[in-house]
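Both ligands and their constituent atoms are indexed starting at 1 by order of listing.
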Amino acid sequence: MKVVQVEHGAGSYPVYVGQGLLGMSGIWERHLDGRVLVVSDENVAAHHLGRLGPVLEAHGRFRELVLAPGEENKTVAQWQRVIDDLVRLGAQRDATVVALGGGVIGDLSGFAAASYMRGIQVVQMPTTLLAQVDASVGGKTGVNHADGKNLIGAFHQPTAVVADLDTLATLGNRDYRAGLAEVVKYGAIRDPHLFAWLEANADALSSRLPDMLAEAVYQSVRNKAEVVAADEREAGQRALLNFGHTFGHALETVTGYSQFRHGEAVAIGMVLAARLSELLGMAAAGTADRLHELLDRLGLPTRLPDDIPHSALLKRMRLDKKNRADQIRLILLESLGRAVVRSCPADDILEVLNQS
Ligand SMILES: NC(=O)c1ccc[n+]([C@@H]2O[C@H](COP(=O)([O-])OP(=O)(O)OC[C@H]3O[C@@H](n4cnc5c(N)ncnc54)[C@H](O)[C@@H]3O)[C@@H](O)[C@H]2O)c1
């Protein structure tokens with residue numbers, strides 16, 4: 001097991017990365033104190049909830065809540081169900097919510113923990129690669145509103161994150177690959193060694209070799225921890241984590257969130273952002289091709305589908321509140337391993353879209 005300690009304004013918390021962690025009693029004894037509400041979804045519960053049984057029985061005072069899976073359930077109504085169960089459990093200020101699931105369960109349960117009695121503990125137990133390398137670390141919690149993703153939420157840091165690599169064995173291939181896109185992102189924006197390591201081990205990662213996977217999760221968590229420690233509330237460098245996301249979000253929205261996994265849209269978005277960086281003369285020729293090749297080897301999409309209207313994508317990208325006049329704020333590359341925030345003309349973005 002490896003541990004990354006994440007520093008934040010009010011203290012710090014450990015992220016445990018390894019195998020066999022869900023049933024490890026030492027972790028539970030260290031982080032659970034009062035009553036415990038375990039929140040999961042149907043898919044995850046079917047495979048992994050049973051592994052918590054012995055530790056929960058030993059702890060005594062607990063309830064389990066299993067919700068329907070999927071982004072469409074990241075709602076105020078499901079948040080209310082978590083709160084109702086906390087009330088039924090008789091949870092006090094020393095209670096803990098354990099979020100066993102992907103980013104949806106993590107965000108939703110984290111927000112319930114942030115708001116119940118003005119804040120109780122949450123332990124994140126992420127079960128998707130995306131949640132292990134990204135969503136469970138950093139303290140962003142929330143639910144969706146009919147008019148926008150993550151419109152309702154709070155910053156609420158977990159007391160611990162338990163990334164048990166064994167849980168990933170039951171994850172579908174598309175979700176696994178989508179998570180790898182975020183690993184590539186850390187390499188591209190701030191860690192050239194990680195990027196080169198991914199190039200050297202892409203095939204082993206594609207076939208989920210346990211040692212490689214452990215290293216990929218550990219290095220990603222270490223990178224995310226460094227970024228959020230330096231900028232807990234996203235005032236500065238945390239924005240770099242949005243590399244590929246402005247294009248990616250636009251693509252997800254224009255395709256009605258049905259065609260692409262988040263990580264897939266981000267993979268296409270990262271290649272577009274790298275091409276734009278070259279067009280603007282910021283990055284050397286070949287940067288985007290190298291990124292494209294790695295993502296391709298990891299089985300991720302790298303090109304916009306032909307039937308996506310570029311004007312619709314651009315329109316979505318202009319909606320970002322941080323934009324000014326005809327400039328759009330984006331994360332661009334100076335090299336693989338170094339990213340910056342830049343405003344760039346809409347015309348240049350359209351040119352890259354048209355070339356792709
Ligand atoms: N808080 C943050 O900083 C942050 C960062 C990135 C993304 N997010 C959020 O994360 C969410 C996406 O997360 P996600 O991709 O994990 O989605 P998800 O939670 O919907 O999980 C994807 C699917 O995999 C299933 N699943 C989860 N773990 C499994 C396992 N081990 N075996 C089998 N099936 C499993 C789930 O039931 C679901 O159907 C979005 O809502 C996004 O907004 C949050």
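In the candidate list D164, V133, D175, D175 is nearest to atom 23 (C) of ligand 1, counting heavy atoms. Considering only non-hydrogen atoms, atom 25 (C) of ligand 1 lies nearest to N43 out of L129, D166, N43.
Distances below 4.0 Å separate heavy atoms of K224 from the following atoms of ligand 1: 3 (O). Of all atoms in ligand 1, listed by their number and element, those nearer than 4.0 Å to a heavy atom of H48 are 31 (N). Ligand 1 places these atoms under 4.0 Å from at least one heavy atom of T128: 14 (P), 16 (O), 21 (O), 27 (C), 28 (N). Remark: ligand 1 atoms within the under-4.0 Å shell around heavy atoms of P69 are 37 (O). Near D41, meaning under 4.0 Å from any of its heavy atoms, are these atoms of ligand 1: 36 (C), 37 (O).
Counting only heavy atoms of the protein, atom 32 (N) of ligand 1 lies nearest to T170 OG1, 2.7 Å. For atom 44 (C) of ligand 1, the closest heavy atom belonging to the protein is D107 OD2, 3.2 Å. Among all protein heavy atoms, the one lying closest to atom 35 (C) of ligand 1 is L171 CD1, 3.8 Å. In this structure, the protein non-hydrogen atom closest to atom 28 (N) of ligand 1 is T127 OG1, 2.8 Å. Looking only at heavy atoms of the protein, atom 15 (O) of ligand 1 is closest to L130 CD2, 3.3 Å. The nearest heavy-atom contact from the protein to atom 26 (N) of ligand 1 is V44 CG2, 3.8 Å. For atom 10 (O) of ligand 1, the closest non-hydrogen atom of the protein is G103 CA, 3.3 Å.
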Verdict with supporting geometry, E182 and K185, salt bridge (charged side-chain N to carboxylate O under 4.0 Å, His left out): CA-CA 5 Å; E182 302 286 350; K185 179 190 78 181; 2.9 Å; yes
Evaluation steps, salt bridge (charged side-chain N to carboxylate O under 4.0 Å, His left out), between R338 and D191: CA-CA 7 Å; R338 200 177 158 79; D191 191 342; over 6 Å; no
From CA spacing to verdict: side chain to side chain donor-acceptor pair (under 3.5 Å), Y13, Q157: CA-CA 8 Å; Y13 56 91; Q157 302 294 340; 3.2 Å; yes
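Counting heavy atoms closer than 4.0 Å to ligand 1, residue N150 contributes side-chain atoms (C-beta onward) but none from N, CA, C or O. Contacts between K74 and ligand 1, counted as non-hydrogen atom pairs separated by less than 4.0 Å, involve the side chain only.
None of R318, Q327, H310, M317 except one satisfies the side-chain contact (heavy atoms from CB on, under 4.5 Å) rule with I349; the exception is M317. For the side-chain contact (heavy atoms from CB on, under 4.5 Å) criterion with L65, the lone passing option out of V38, D41, D85, L89 is D85. Under the side-chain contact (heavy atoms from CB on, under 4.5 Å) test applied with I331, the options V341, V340, T246, L241 reduce to a single match, V341.
Checked against a 3.5 angstrom limit, the closest N/O atoms of V104 and ligand 1 fall inside it. For ligand 1, the polar-atom distance check finds an N/O of K140 within less than 3.5 Å of one of the ligand's N/O atoms. Not one N or O of A131 is nearer than 3.5 Å to an N or O of ligand 1, by distance alone. Geometrically, ligand 1 and H47 share no nitrogen or oxygen pair separated by less than 3.5 Å. Residue contacts with ligand 1: T167 is placed with a nitrogen or oxygen under 3.5 Å of a nitrogen or oxygen of the ligand (distance criterion only). Between D134 and ligand 1, no N or O atom pair is found at a separation short of 3.5 Å.
Between R222 and E215 no salt bridge is recorded (no basic side-chain N to carboxylate O distance below 4.0 Å). Using a 4.0 Å cut-off between a side-chain N of Lys or Arg and a carboxylate O of Asp or Glu, R190 and E226 qualify as a salt bridge. A salt bridge is absent between R81 and D84: the closest approach of a Lys/Arg side-chain nitrogen to an acidic carboxylate oxygen does not fall below 4.0 angstrom.
Residue K149 places a heavy atom under 4.0 Å from ligand 1. Ligand 1 lies less than 4.0 angstrom from a heavy atom belonging to E71.
Side-chain contact between E57 and F62: present, with at least one pair of heavy atoms (C-beta onward) separated by less than 4.5 Å.
Judged by distance alone, with hydrogens and angles left aside, the side-chain atoms of R88 form no donor-acceptor pair with the main-chain N or O of R63 at under 3.5 Å. Panel note: side chain H156, backbone I120; a donor-acceptor pair is recorded below 3.5 Å. Between the side chain of N242 and the backbone N or O of H245, no donor-acceptor pair lies under 3.5 Å. With Q124 contributing its side chain and G106 its backbone, the two residues share a donor-acceptor pair below 3.5 Å.
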